[in-house]
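So the structure is just underneath, and the comments pick up after that.
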Amino acid sequence: MKKNVILFSQIPQDQQARLAQTFNLTMLNRQSDPNSDAFKQALANADGIIGASMSMRIDDDFLAQTPKLRAASTISVGFDNYDLAALKKHGVRLMNTPTVLTEGTADLIFTLLMATARRTVELSNLIHAGKWTKGITPEHFGIDIHGKTIGFLGMGRIAKALVKRAHCGFDMNVLYYNRSAHSDVEQKYNAKRLELDDVLQQADFVVVILPLTAETTHLITQQKLALMKPSAILINGARGKVIDQQALTQALQNNVIRAAGLDVFEVEPLPMDSPLLKLDNVLLSPHVGSATVETRYAMAKCAVDNMIAALQDDKPTENWVNPEVG
Ligand code: 8YV
């Protein structure tokens, strides 16, 4: 008997076809009315859900509507919108798509760092505005990247891919703050593990690249920002809520730090009344860390593999976030 699966994101046709061949597939998306009988019926009959929506909370309230649910496959590495305790209580397996997005996301985060340091977008906008009328003067100068000190908050797969780019490509001195030590990056790239405050005080570039958890929510506060060098640049490629965004906005307004490059925000999409939109010393990016044709295809394929393995073959892949569920 085919199992019932809900797909709540757009994925490449051939991957959707794989799901439709294996399961009774229902498509639900932002336009679907959550109060409609069809929506409620689909949830009530669902054995599996697959998709990527950071705004959808998969918690006790959601799982109360899905009594048959056994597997959730998120098309993302992050799963902060899933309540792991509730998944355990309801016996739902969760799979994610880590490895396939590592290099693509590292490319975007390093792009954000370089474009913020060299003010690439700002200067391109200056030309578009017809303001390139003479040689660029010091008020539009950027700062060097090569040979500087870069500090990572987090040392997971994406951070390690960034360490390689920074050390091998830009002769940067690497520092990191992480719960556990990583001898591989220390030996291979001479990375030094320090306390959070020491990384913030010594780094010219601080890169936030750790998961959002109860411990890391607002890890970066006004006090932490005040520890950074006035010449320093802050990059966030993880989750908006790791940084107190209001404190960051004030730090940028008051030049406590030089600039920031942000791919993630406390509320996404960024509301149009956000004071960040009025600042020149912040580069804004619409959560596109993994948004390349190749990477998003690989993420969708990985998520479909995960769902078939967990729900059809009853043999979850290595991307099983909560094996304690059994
Ligand atoms: C996702 C991401 O595309 O994987 C993650 O954790 O943040 C991105 O790669 C995004 O979560 C989809 O909404």
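When a residue number appears, it is its place in the shown sequence, counting from 1. For clarity, every value in this text was computed on a predicted model and none was experimentally measured.
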For this session: Given salt bridge (charged side-chain N to carboxylate O under 4.0 Å, His left out), test Arg93 with Asp314 step by step and report yes or no.
Result: CA-CA 10 Å; Arg93 295 168 168 172; Asp314 196 17; 2.8 Å; yes

Exercise. Under the side-chain contact (heavy atoms from CB on, under 4.5 Å) criterion, do Gln245 and Phe265 qualify, and how do the steps go?
Worked result: CA-CA 8 Å; Gln245 192 166 300; Phe265 305 87; 3.6 Å; yes

Problem set entry | side-chain hydrogen bond (donor to acceptor under 3.5 Å, both in side chains) between Glu266 and His218, worked out | CA-CA 10 Å; Glu266 293 207 14; His218 283 193; 2.8 Å; yes

Test of understanding: with ring-ring contact (aromatic ring centres under 6.0 Å, His included), list the residues that count as partners of [X], not counting sequence neighbours.
X	answer
Tyr189	His167
His182	none
Phe110	Phe170

Should [X] and [Y] count as side-chain neighbours, where that means a heavy-atom distance under 4.5 Å?
X	Y	result
Asn306	Trp320	no
Asn24	Lys3	no
Asp83	Ile58	no

Are more than 12 heavy atoms from other residues, nucleotides or ligands located less than 6.0 Å from atom [atom1] of [X]?
X	atom1	answer
Lys229	NZ	yes
Arg118	CZ	no
Gln253	CD	yes
Glu195	CD	no

Exercise. How about Arg296 and Ser290: does a side-chain donor come under 3.5 Å of a side-chain acceptor?
Worked result: yes

Exercise. In terms of side-chain heavy atoms, does Arg18 have a donor or acceptor partner in Gln21 at a distance below 3.5 Å?
Worked result: no

Determine yes or no for a side-chain-to-main-chain donor-acceptor pair under 3.5 angstrom, with [X] supplying the side chain and [Y] the backbone.
X	Y	result
Asn236	Leu262	no
Ser9	Ala52	yes
Asn281	Leu252	yes
Lys40	Asn35	yes
Lys68	Asn45	yes
Thr26	Ile6	no
Asp60	Leu63	no
Thr111	Asp107	yes

Exercise. Is the shortest distance from a Lys or Arg side-chain nitrogen in Asp305 or Lys301 to a carboxylate oxygen in the other one below 4.0 Å?
Worked result: yes

Working to the nearest 0.5 angstrom, can you tell me the gap between [X] [atom1] and [Y] [atom2]?
X	Y	atom1	atom2	answer
Ile235	Ile150	CD1	CD1	8.5 Å
Ile209	Tyr176	CD1	OH	15.5 Å
Leu7	Gln16	CG	CD	5.5 Å
Lys131	Ile136	NZ	CD1	11.5 Å

Seminar exercise, completed: Of Asp244, Asp198, Asp197, the one forming a salt bridge (Lys or Arg N to Asp or Glu O under 4.0 Å) with Lys224 is Asp197

Exercise. Considering the options Asn96, Leu94, Asn322, which one meets the side-chain contact (heavy atoms from CB on, under 4.5 Å) requirement together with Tyr82?
Worked result: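 Checked Asn96, Leu94, Asn322 against Tyr82; only one passes side-chain contact (heavy atoms from CB on, under 4.5 Å): Leu94.
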
Exercise. For the side-chain contact (heavy atoms from CB on, under 4.5 Å) test, which of Ile158, Asn178, Val242 pairs with Leu210?
Worked result: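 Among Ile158, Asn178, Val242, the one that satisfies the side-chain contact (heavy atoms from CB on, under 4.5 Å) with Leu210 is Val242.
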
For this session: Take Thr99 and Thr102 through the test side-chain hydrogen bond (donor to acceptor under 3.5 Å, both in side chains) and record every step on the way to the result.
Result: CA-CA 5 Å; Thr99 318; Thr102 299; 5.4 Å; no

